[in-house]
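Structure record follows, encoded as structure tokens.
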Amino acid sequence: MTKPRPAKTSHLTHVPLSIRPMERGDCARVLQMIDALTRQHGDRMSLDEAALIDLIYAPSPWARILVAQSHGKIVGYAALVGGLQLQFGLRTMDLHHLYVDADQRGMGIGRALIIAARETARNLDCVQLTVGTHAENKPAQAAYLACGFEPLAPRGPRFVMALS
């Protein structure tokens, strides 16, 4: 398996920005942003720092998080979750979360995170990067299309089974 390389620094001229993998010291800030995104969707976060560390730093990480840092402050993150098309033996990656602080939106930070997510997926030998959003979230849909995503036709009904 190919080891992921760190994402490159953004070349945006109007926003000093670097994109990098989340470090343990970033946990509190990332949790604040996850909570903000969760509230935006009317949900309540139950994730804590110990669980986040377990998800990201386990021997076989369940997820990867990239953070966007500007002027020494983390202003956004992208959470990536691996997937696969088992029948073809192909790896995929899902952009599970994309969040930028409200006062930082429209400056290219989301685009930089998407570019870094794409590079991370490529470095892990993935064949595709997917992302989903709520049907009513037209600004996110437009942003994803502008960044090169294409609409993905539904593959059929999806179901859920609670395991607790």
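Since the model is a prediction, treat every value here as computed from it, not as a measurement.
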How long is the span from the [atom1] atom in [X] to the [atom2] atom in [Y], to the nearest 0.5 Å?
X: K138; Y: T133; atom1: NZ; atom2: OG1; answer: 9.5 Å
X: R111; Y: L17; atom1: CZ; atom2: CG; answer: 13.0 Å
X: L98; Y: I109; atom1: CG; atom2: CD1; answer: 10.5 Å
X: D35; Y: M45; atom1: CG; atom2: CE; answer: 4.5 Å
X: R118; Y: C126; atom1: CZ; atom2: SG; answer: 13.5 Å
X: M93; Y: N123; atom1: CE; atom2: CG; answer: 9.5 Å

Considering non-hydrogen atoms only, spot the tightest contact between [X] and [Y] and give its length.
X: P16; Y: S70; result: O-OG, 2.9 Å
X: L66; Y: I19; result: CB-CG2, 4.2 Å
X: L52; Y: L47; result: N-CD1, 3.8 Å
X: M22; Y: Y57; result: O-OH, 2.7 Å
X: A135; Y: Q141; result: O-NE2, 2.8 Å

Item to complete: Could you pull out all residues at least two apart from D101 that satisfy salt bridge (charged side-chain N to carboxylate O under 4.0 Å, His left out)?
Response: R29, K73
Discussion item. If you count heavy atoms of other groups shown closer than 6.0 angstrom to CD of E150, is the number above 12?
Written reply: no
Fill in: Polar side-chain atom of Q128 near backbone of A121 as donor-acceptor pair, under 3.5 Å
no
Worksheet item: Distance-only, no hydrogens or angles: does the R64 side chain make a donor-acceptor pair with backbone N or O of P21 under 3.5 Å?
Response: no
Discussion item. Just to verify, what does T38 make a side-chain hydrogen bond (donor to acceptor under 3.5 Å, both in side chains) with, not counting sequence neighbours?
Written reply: none
Discussion item. Would you say that V30 contacts V67 through its side chain, given a criterion of any heavy-atom pair below 4.5 Å between the two side chains?
Written reply: yes
Worksheet item: Tell me, do E119 and L129 make a side-chain contact under 4.5 Å, heavy atoms counted?
Response: no
Flag yes if [X] and [Y] sit in one hydrophobic cluster, no otherwise; membership is Ile, Leu, Val, Met, Phe, Trp, Tyr, and two members link when side-chain heavy atoms are under 4.5 Å apart.
X: I115; Y: V127; result: no
X: V131; Y: V81; result: no
X: L95; Y: V75; result: yes

Practice prompt. Would you list the pairs meeting side chain to side chain donor-acceptor pair (under 3.5 Å) in which at least one residue belongs to residues 42-51, sequence neighbours left out?
Written response: none
Practice prompt. Would you list the pairs meeting salt bridge (charged side-chain N to carboxylate O under 4.0 Å, His left out) in which at least one residue belongs to residues 140-149, sequence neighbours left out?
Written response: none
Worksheet item: ring-ring contact (aromatic ring centres under 6.0 Å, His included) with H96: which residues, sequence neighbours excluded?
Response: none
Worksheet item: What residues form a ring-ring contact (aromatic ring centres under 6.0 Å, His included) with F149, not counting sequence neighbours?
Response: Y144
Discussion item. Please determine whether side-chain contact (heavy atoms from CB on, under 4.5 Å) holds for the pair L80 and L124, giving the CA-CA distance in whole Å, both sets of side-chain angles, and the decisive distance to 0.1 Å.
Written reply: CA-CA 12 Å; L80 303 167; L124 291 167; over 6 Å; no
